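In what follows, a structure is listed as structure tokens, so that the remarks can point back to it.
Small disclaimer: the values here were computed from a predicted structure and weren't measured. Chain identifiers are assigned alphabetically (A, B, ...) following the order of the sequence lines, protein sequences preceding nucleic acid strands; residue numbering begins at 1 within each chain.
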Protein chains: 2
Amino acid sequence: MPPDPRFRVGDIAARTGVSVRTLHHYDEIGLLRPAHRTVSAHGSGHRLYSVADLSRLQQILSLRQLGFTLDEIADALAGPRFDPLAVVRLHLARAKEVLKSQHQLCDRLEHLAGHLERAEEVSADTFLRTVEATIMAENHFNLPPDQAATLAAHWAQYSPADIEAVQNEWPILIGKVKDAMTAKKDPRSPEVRALAARADELTRMFTGGNASVSAQLRQRYESDPELQQKAGIDPAVMAYLAQARGE
Amino acid sequence: MPPDPRFRVGDIAARTGVSVRTLHHYDEIGLLRPAHRTVSAHGSGHRLYSVADLSRLQQILSLRQLGFTLDEIADALAGPRFDPLAVVRLHLARAKEVLKSQHQLCDRLEHLAGHLERAEEVSADTFLRTVEATIMAENHFNLPPDQAATLAAHWAQYSPADIEAVQNEWPILIGKVKDAMTAKKDPRSPEVRALAARADELTRMFTGGNASVSAQLRQRYESDPELQQKAGIDPAVMAYLAQARGE
DNA sequence: GGTACCCCCTCACGCGGCGTGAGGTTCAAG
DNA sequence: CTTGAACCTCACGCCGCGTGAGGGGGTACC
């Protein structure tokens, strides 16, 4: 049995480029506690990271690159069925996007350089497109996670069984709502209000309770008739539910 | 004569992705003032950007991407002979570096994903290398400008004539210092101190007064005998100058 | 067993570059 | 002349560490 290796902050810093301060910080906020520490009388001992810790560090950096805040990352990693492979795949997808936008940026910069070399007048459009490419490259790198990533990261926390259960319940629930509508039941009745509440609950599971995600999702539903049909939601149902919620 | 086009904050934001707040901010700190404003009685009018402003915006974003702070960018753009083409070329070079590191990152992530898919045990080394690739990709994107960029950006502010003048003066100055040394003149004499002061001045022109750059430069000179010969500086001269400065 | 040297530790302050309302004004279309 | 969208000016807030200061711990070589 090989004694599993231990890594000290300096080792990790030297080999990866992660700063010592960053490791300290992640420890402070409880995001990445080293598996062990050396024992000592006075101060606290030196941090000793295990291989599992390195794995977690990799996940953290991938999620950070995806634009999540450290708090969000902590939540994601704490999820019951969180999936490292899914995270790596998301990061990979993002990295490929960056590649593409970076390529475009190079094209644009070369274009602009060409104009400047020939001392030509440069059009506003050229500047605008160059700036756009610059910003897009930045966005793919730094910015808040897009819905896709947010949703994916959220879904990764649920098991396939959970997901299936939700997807099965949804049409049933909508069916009940439609029944209530055709029966002309009062939307403010306790029965209908319960249905609406459950619908909201399921929606929250879908969106992870993220306000901006659910807002965007609603917009897309409202503007896309096809999606409405697939989910069985039409404006009438939406209005009915809104009434039930007391709006 | 076509009336040159004017752009409003919203136009620019919509077409490039630069936020309105960012434009406001650059205006506030005096980094990018719009060429015009609409006139109005109470508040200040709407900002109207000219094509020249767009050009400046492009330069700002390129320099920002290179890792300069907004203050540094302001200085660079205020330089007497600052060169937009040089900036674009630097940005392009950087963008290509990013492409390379991003490629490596993709390789590493695919490697890691492969291991995870096959549910194999993943080695510490694999994690470390993946983390390293992640950090390197970030560094090429976000980090403070390396000396190369700093120096290049600084040099871009001088005309070829300026540069030549400095390069001509340097050997003459060093010659005078050596003369003083062989004549065993007191390093604290006003004459020698003046020479040292001028040497520092020229050095500052070389390094742009950037402390970290000049520090790095000194280290390289101290550790590289070849460079010393080319510049005519040997440890004895350095020591003599240090005395003249009163160290 | 000493002891030199480097690495590690714990505070704790600070900050760059905007995001994000709040509350009022201006512009262009109808 | 009236909208409504787009613009304006404050002004507070924040993430994720960087960067010292001041002091203990580990280890390799004598």
Side-chain angles (χ1 to χ4, degrees), chain A residues 6-15 17-34 36-49 57 60-61 63-75 134-135 138-139 141-145 211-212 215, chain B residues 6-15 17-34 36-49 57 60-61 63-75 134-135 138-139 141-145 211-212 215:
Chain A
R6 304 292 170 81
F7 301 88
R8 318 218 318 247
V9 280
D11 299 342
I12 299 181
R15 295 203 46 185
V18 175
S19 79
V20 172
R21 178 67 176 102
T22 297
L23 292 173
H24 284 179
H25 186 61
Y26 291 172
D27 188 4
E28 270 178 34
I29 65 174
L31 184 54
L32 177 62
R33 318 311 264 279
H36 306 277
R37 277 186 179 231
T38 62
V39 280
S40 73
H42 276 61
S44 353
H46 295 188
R47 294 169 177 82
L48 296 175
Y49 293 84
L57 176 59
I60 290 170
L61 295 185
L63 287 168
R64 191 185 67 172
Q65 186 65 29
L66 284 165
F68 293 98
T69 69
L70 297 185
D71 283 355
E72 288 167 340
I73 293 174
D75 289 352
T134 306
I135 298 294
E138 276 188 8
N139 283 357
F141 219 90
N142 299 324
L143 241 80
S212 76
Chain B
R6 305 292 171 83
F7 301 88
R8 322 225 319 258
V9 281
D11 298 342
I12 299 181
R15 294 202 46 186
V18 175
S19 79
V20 171
R21 178 65 176 104
T22 297
L23 292 172
H24 283 180
H25 185 60
Y26 291 172
D27 189 3
E28 269 179 34
I29 66 174
L31 183 55
L32 177 63
R33 317 310 264 278
H36 306 276
R37 276 184 180 234
T38 62
V39 279
S40 72
H42 276 62
S44 353
H46 295 188
R47 295 169 176 81
L48 296 175
Y49 293 84
L57 176 59
I60 291 171
L61 296 185
L63 287 168
R64 189 183 70 174
Q65 187 65 30
L66 283 166
F68 294 98
T69 69
L70 296 186
D71 284 354
E72 288 168 338
I73 294 174
D75 289 353
T134 307
I135 298 294
E138 277 188 8
N139 283 357
F141 220 91
N142 299 324
L143 241 80
S212 77

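Side chains of Tyr49(A) and Leu32(A) form a contact here, defined as non-hydrogen atoms less than 4.5 Å apart. Asn142(B) has its side chain within reach of Asn142(A): a pair of non-hydrogen atoms, C-beta onward, lies under 4.5 Å apart. The side-chain heavy atoms of Arg8(B) and Leu48(B), taken from C-beta on, include a pair separated by under 4.5 Å.
Scanning DNA chain C 5' to 3' for nucleotides with an atom closer than 4.0 angstrom to a non-hydrogen atom of chain A gives a first and last hit of dC7(C) to dA12(C).
Taken residue by residue, residues 22-31 of chain A places heavy atoms nearer than 4.0 Å to DNA chain C at His24(A). Within residues 39-47 of chain B, the residues having any heavy atom under 4.0 Å from DNA chain D are, by residue number, Ser44(B), Gly45(B), His46(B), Arg47(B).
Of the listed residues (Arg33(A), Arg47(A), Arg21(A)), just one forms a salt bridge (Lys or Arg N to Asp or Glu O under 4.0 Å) with Glu28(A), and that residue is Arg21(A).
As judged by a 4.0 angstrom heavy-atom cut-off over every strand, Val20(B) is placed among residues making no nucleic acid contact.
For the pair Thr69(A) and Val9(B), nearest-nucleotide mapping onto DNA chain D gives the more 5' position to Val9(B). Mapping Thr38(A) and Arg8(B) onto DNA chain D by nearest heavy atom places Arg8(B) at the nucleotide closer to the 5' end.
Residues satisfying the side chain to side chain contact (heavy atoms under 4.5 Å, CB included) test with Ser40(A), not counting sequence neighbours, are none. When the side chain to side chain contact (heavy atoms under 4.5 Å, CB included) test is applied to Asp71(B), the partners found at least two apart in sequence or on another chain are Thr69(B).
Each end of the helix from dG1(C)-dC30(D) to dG30(C)-dC1(D) gets its own axis, taken as the rotation carrying the C1' atoms of four end pairs onto the next four within a five-pair window, and the two axes meet at 30° to the nearest 10 degrees.
Between the side chain of Thr38(A) and the backbone N or O of His46(A), at least one donor-acceptor pair lies under 3.5 Å.
Between Phe7(B) atom CZ and dA6(D) atom P there is a gap of 18 Å when expressed in whole angstrom units. Here the P atom of nucleotide dG16(D) and the CG atom of Leu32(A) are 15 Å apart, to the nearest Å.
OP1 and OP2 of dT9(D) both lie 4.0 Å or more from every side-chain N or O belonging to Arg21(B).
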